[in-house]
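Working notes, structure below.
Position 1 is the first residue of the sequence, and the numbers go up from there. If you're wondering where the values come from, they're calculated on a predicted model, not measured in any experiment.
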Amino acid sequence: MKTLLAATIAVFMLAPAAHAAGDDVKTIESDAAFADVASGIENAIVNRGFKVDYHGFIGDMLKRTASDVDAGKTLYKDAEFFTFCSAVVSRKVMEADIGDIAYCPYVVFAYETEEKPGTVTVGFRTLPEGGERDAVNALLTGIIEDAADGM
């Protein structure tokens with residue numbers, strides 16, 4: 001379990017760095033309180049009948065390890081992510097293209113930066129367009145829209 005968790009966190013941390021400016025990340029900004037947006041993510045996932053597999057506190061980890069890595073600045077006031085998967089949705093996606101296992105679990109994140117307090121960004125990495133992947137992108141878009149409202 002620890003290995004799976006470490007791998008999930010590593011993928012989450014490395015992938016956005018490689019694609020931070022890319023078109024494969026969809027985000028929405030919210031003026032709702034960070035705690036409301038984070039709670040909104042969890043509620044939006046659960047209210048759709050899914051189970052949150054992991055709730056990561058990446059902002060806390062970065063703060064906790066800042067002195068260990070000689071961090072130059074504080075990045076986030078807060079930053080969290082949630083992972084989940086759906087047997088029904090994922091099966092459809094993977095039956096259409098067996099290689100789409102690469103996109104599971106789905107990750108939704110939220111952060112508030114030190115430089116722009118009061119604005120919370122919520123988002124996800126989009127799957128390539130086409131076929132059953134479009135349904136996953138629509139699902140994830142609905143989740144971040146609900147969360148941005150502080151649901």
For residues 62-78, which side-chain donor-acceptor pairs fall under 3.5 Å, sequence neighbours excluded?
unit_1, atom_1, unit_2, atom_2, d
Lys63, NZ, Lys77, O, 2.6
Thr65, OG1, Met61, O, 2.8

*If the plane angle is over 60° it's perpendicular, under 30° parallel, otherwise tilted; pick one for Phe82 and His55.*
parallel
_Non-hydrogen atoms of Ile28 and Ala148 that approach each other most closely_ = CG2-CB, 3.8 Å
*Enter the distance from Glu132:CD to Leu127:CG here, rounded to the nearest 0.5 Å.*
11.5 Å
*Return the minimal non-hydrogen interatomic distance between Ala32 and Val120, and the atom names on each side.*
O-CG2, 3.5 Å
_Is it the case that over 12 heavy atoms from other parts of the model lie below 6.0 angstrom from the CD atom of Glu114?_
yes
*Between Ile41 and Ile143, which heavy-atom pair has the shortest distance, and what is it?*
O-CG2, 4.3 Å
*Hey, are the side chains of Lys26 and Ile144 touching, using non-hydrogen atoms and a 4.5 Å cut-off?*
yes
*Whether Thr83 side chain and Tyr54 backbone form a donor-acceptor pair below 3.5 Å*: yes
_Do Asn137 and Phe124 make a side-chain contact, defined as non-hydrogen atoms from C-beta onward lying under 4.5 Å apart?_
yes
Report all side-chain donor-acceptor pairs from residues 84-105 shorter than 3.5 Å, counting only partners two or more places apart or in another chain.
unit_1, atom_1, unit_2, atom_2, d
Ser86, OG, Val88, N, 3.4
Ser86, OG, Val89, N, 3.0
Ser90, OG, Ser86, O, 2.9
Ser90, OG, Tyr106, OH, 3.0
Arg91, NH1, Glu95, OE2, 3.3
Asp97, OD1, Gly99, N, 3.0
Asp100, OD1, Arg133, NH1, 3.3
Asp100, OD2, Arg133, NH1, 3.0

*Are the side chain of Asp24 and the backbone N or O of Arg125 linked by a donor-acceptor pair below 3.5 Å?*
no
*Are Phe109 and Val25 close enough that some pair of their side-chain heavy atoms sits under 4.5 Å apart?*
yes
_Looking at every heavy atom in both Ala38 and Glu80, which two are closest together, and how far apart are they?_
CB-OE1, 3.6 Å
*Spacing of CZ belonging to Phe34 relative to OG1 belonging to Thr119, to within rounding of 0.5 Å*: 13.0 Å
*Same apolar cluster: Val37 and Phe57, side chain cutoff 4.5 Å*: no
